[in-house]
Engineer: 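Have a look at this one.
Just so it is clear: chains get the letters A, B, ... in the order the sequence lines come, proteins before strands, and each one is counted from 1.
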Amino acid sequence: LSLLDEAQERAVQLENKLRDHVDEVALESPTNVFTKLRAYLIKQSDEMHVNNDVSAALKMYREQENNVLISLGPSFDKGPTSEHFYFDSGARLSFGVTLQQSASRSSLVAFRFHLHLPTGRSPEYLRFDLNPQAHADPLSEPRCHLHLGLDKVRLPLPVLGPFEILDRVFFVVEPALQAHPAGS
Amino acid sequence: LPEFIAPPAYEIARRAELRRAYAWFVVLKPAVNPDEALQEFQHELSAYLEKPVRILDTSELPPADLRRQLHEPPDDTVLLGGLDGWGQSSWSSLDINRDGMEREGPLILWLSPTAASVLCQSAPNIRSFIGGSFFLLGPDRGIMTEEERVCRLAELADHYQLTSEQVIRMAQARTLPREPEFIEWLVLLGRGDLV
């Protein structure tokens with residue numbers, strides 16, 4: 001086997017472990033997840049100087065197959081909008097989480113969390129993605145991955161729930177951005 | 001009855017969080033699906049207060065038991081239901097013993113408009129304690145409107161230069177790209193069967 005073949009084999013093994021983990025992530029009902037996300041974001045916003053109208057920006061859509069989309073902000077970050085969640089550092093957040101309800105619980109189908117960093121920062125953005133299915137080439141596209149400002153570079157992540165991602169954004173990334181302003 | 005404002009559940013929850021101790025509220029329940037609304041309201045309160053919220057059904061509870069249960073424990077948030085059948089004499093009796101119902105945790109009376117009217121007429125002490133904290137349970141702005149759904153679909157179509165029909169055909173042929181946005185597209189189209 002070539003080194004590339006071995007790398008691809010390791011990526012497949014990692015993806016298989018990840019698949020089991022995705023199935024194990026059990027969340028509360030989509031309505032409860034939505035309610036808690038709204039409370040989380042409003043409370044975080046209350047701690048900031050910048051104003052965010054979370055209750056207007058955070059939306060839930062339920063379709064008849066028990067799939068639920070919870071979204072904040074636009075589907076694609078093409079510049080600042082009034083629907084983004086803004087941080088004191090100047091960063092802005094948008095996301096979409098798709099859940100599937102089963103009885104009173106729900107499972108993760110897919111998500112995208114796009115954190116656009118303040119002007120002058122490198123990388124330009126961080127994006128946490130969970131794809132709905134595994135890719136044929138998990139080395140280049142793991143199912144759960146992090147983009148570090150480069151669309152085609154996807155680094156594997158453990159499966160995180162929506163609150164676990166927000167915890168990193170609010171308690172790790174944002175404090176670091178504030179502690180080390182661009183150009184400092 | 002005073003004039004009511006109609007904040008959504010999370011706004012009432014925020015008020016309860018801000019006032020916390022010794023706060024009494026009246027929330028007028030909706031005429032449609034009041035039981036479901038009560039459960040959702042309970043979840044909303046729990047999410048903000050970050051503690052369980054207790055629903056106490058008073059419909060078959062003697063006043064002495066009601067006072068006892070309000071103090072076991074005295075510091076949690078209680079949603080008091082089952083009060084719609086109370087007549088003037090029951091409210092008057094409770095009014096005289098209002099001090100016995102004082103508790104550290106927020107108390108939210110879940111009432112029909114008729115029951116709220118009886119309370120105002122028959123229980124002046126309780127009415128005074130509640131003050132202006134009468135609320136209609138307003139609609140939740142978090143539910144995506146049809147206009148917002150259509151806008152979001154247009155945003156997806158514009159970005160990928162695809163139509164919704166093409167996306168459905170690709171999903172049926174299992175050739176849909178794996179990005180999360182395509183799953184959102186199918187959900188917004190009501191085609192979760194293809195997810």
Side-chain angles (χ1 to χ4, degrees), chain A residues 28-29 31-40 42-43 46 53-76 78 81 83 95-101 108-114 127-136 141 143-144 151, chain B residues 7-11 13-14 17-18 36-37 39-51 53 138-160 171 174 176-195:
Chain A
E28 293 185 59
S29 73
T31 300
N32 285 6
V33 172
F34 175 79
T35 299
K36 289 188 172 178
L37 276 173
R38 184 163 57 192
Y40 184 104
I42 287 176
K43 287 182 177 218
D46 285 346
D53 190 353
V54 173
S55 56
L58 187 70
K59 296 290 178 183
M60 179 169 73
Y61 180 78
R62 179 188 294 273
E63 59 99 67
Q64 64 268 27
E65 295 290 329
N66 281 330
N67 291 295
V68 174
L69 169 62
I70 299 173
S71 68
L72 181 140
S75 302
F76 309 97
K78 295 181 177 177
T81 72
E83 286 81 37
F95 64 78
V97 180
T98 306
L99 302 173
Q100 188 160 56
Q101 181 156 7
L108 278 171
V109 178
F111 61 63
R112 54 174 174 85
F113 286 80
H114 188 110
R127 183 174 150 126
F128 304 79
D129 277 355
L130 174 69
N131 290 347
Q133 291 102 26
H135 193 273
E141 185 162 357
R143 184 174 171 196
C144 194
D151 265 344
Chain B
Y10 57 84
E11 283 293 343
R14 291 187 84 187
E17 187 196 26
L18 290 172
E36 188 180 330
Q39 296 293 330
E40 288 177 6
F41 188 45
Q42 181 191 27
H43 288 308
E44 201 86 50
L45 286 172
S46 295
Y48 279 88
L49 302 176
E50 296 175 16
K51 290 178 180 173
V53 171
D140 190 332
R141 288 199 295 162
I143 306 304
M144 194 180 291
T145 65
E146 177 59 14
E147 183 183 358
E148 289 165 343
R149 185 187 74 90
V150 170
C151 281
R152 199 164 277 274
L153 284 170
E155 183 191 11
L156 289 162
D158 180 62
H159 181 83
Y160 288 111
R174 298 189 174 277
L176 200 61
R178 289 170 174 79
E179 279 84 356
E181 291 88 348
F182 284 97
I183 294 304
E184 296 177 21
W185 200 331
L186 291 173
V187 171
L188 290 168
L189 288 171
R191 293 307 307 266
D193 57 308
L194 297 173
V195 168

Engineer: Picking from A/Lys36, A/Arg38, A/Gln133, which has the most non-hydrogen pairs under 4.5 angstrom with chain B?
Structural biologist: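 Most heavy-atom pairs under 4.5 Å with chain B: A/Arg38.
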
Engineer: Are A/Glu83 and A/Lys59 close enough for a salt bridge, meaning some N to O gap below 4.0 Å?
Structural biologist: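 Salt bridge between A/Glu83 and A/Lys59, a charged N being under 4.0 Å from a carboxylate O: no.
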
Engineer: Where does A/Ile70 contact chain B at under 4.5 Å (heavy atoms): side chain, backbone, both or neither?
Structural biologist: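 For A/Ile70, there is no contact with chain B at all, as no heavy atom is under 4.5 Å.
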
Engineer: Looking only at atom types and distance, does a side-chain atom of A/Arg127 sit under 3.5 Å from a main-chain N or O of A/His114, one as donor and one as acceptor?
Structural biologist: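 Such a contact is absent between A/Arg127 side chain and A/His114 backbone.
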
Engineer: Is the ring pair B/Trp185/B/Phe182 parallel, tilted or perpendicular, if the boundaries are 30 and 60 degrees?
Structural biologist: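 Plane angle under 30°, so parallel.
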
Engineer: Counting N and O atoms only, with roles assigned by atom type, does the side chain of A/Gln64 sit under 3.5 Å from a partner on the main chain of B/Gly190, one being a donor and the other an acceptor?
Structural biologist: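 Between the backbone of B/Gly190 and the side chain of A/Gln64 there is a qualifying donor-acceptor contact (under 3.5 Å).
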
Engineer: Give, as side chain, backbone, both or neither, the part of B/Leu188 having an atom under 4.5 angstrom from any heavy atom of chain A.
Structural biologist: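 When you check distances to chain A, atoms from both the backbone and side chain of B/Leu188 fall under 4.5 Å.
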
Engineer: Pick from B/Pro180, B/Ala47, B/Pro177, B/Pro8: which one has the most heavy-atom pairs with chain A under 4.5 Å?
Structural biologist: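 Top count of heavy-atom pairs under 4.5 Å with chain A: B/Pro180.
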
Engineer: Can B/Arg152 and A/Ser75 be counted as having a side-chain donor-acceptor contact under 3.5 angstrom?
Structural biologist: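 Yes, side-chain donor-acceptor contact under 3.5 Å.
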
Engineer: Pick one of side chain, backbone, both or neither for A/Phe76, based on which atoms fall under 4.5 Å of a heavy atom in chain B.
Structural biologist: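 For A/Phe76, backbone and side chain are both near chain B.
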
Engineer: Mind telling me whether B/Tyr48 and B/Tyr10 have parallel, tilted or perpendicular rings, with 30° and 60° as the class edges?
Structural biologist: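 If you compare the ring of B/Tyr10 with that of B/Tyr48, the planes turn out parallel.
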
Engineer: Given a strict heavy-atom distance threshold of 4.5 Å, which part of A/Asn66 is in contact with chain B: side chain, backbone, both, or neither?
Structural biologist: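 Contact with chain B: none, neither part.
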
Engineer: Against chain B, label A/Ala134 side chain, backbone, both or neither, depending on which of its atoms sit under 4.5 Å from a heavy atom there.
Structural biologist: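 Backbone of A/Ala134 only, per the 4.5 Å heavy-atom cut-off to chain B.
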
Engineer: Taking side chain as everything from C-beta outward and backbone as N, CA, C, O, which of these in A/Ser55 sits under 4.5 Å from a heavy atom of chain B? Side chain, backbone, both or neither.
Structural biologist: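 Both parts, heavy atoms under 4.5 Å.
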
Engineer: Using non-hydrogen atoms and a 4.5 Å limit, figure out which bit of A/Tyr40 sits close to chain B: side chain, backbone, both or neither.
Structural biologist: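 Looking at A/Tyr40, nothing touches chain B.
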
Engineer: May I ask you to name which of B/Arg178, B/Arg14, B/Met144, B/Arg141 has the most heavy-atom pairs under 4.5 Å with chain A?
Structural biologist: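 Of the options given, most contacts go to B/Arg178.
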
Engineer: Taking B/Glu44 for the side chain and B/Ala9 for the main chain, is one N or O donor matched with an acceptor at less than 3.5 Å?
Structural biologist: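 No, the answer is negative, given that no donor and acceptor are paired below the 3.5 Å cut-off.
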
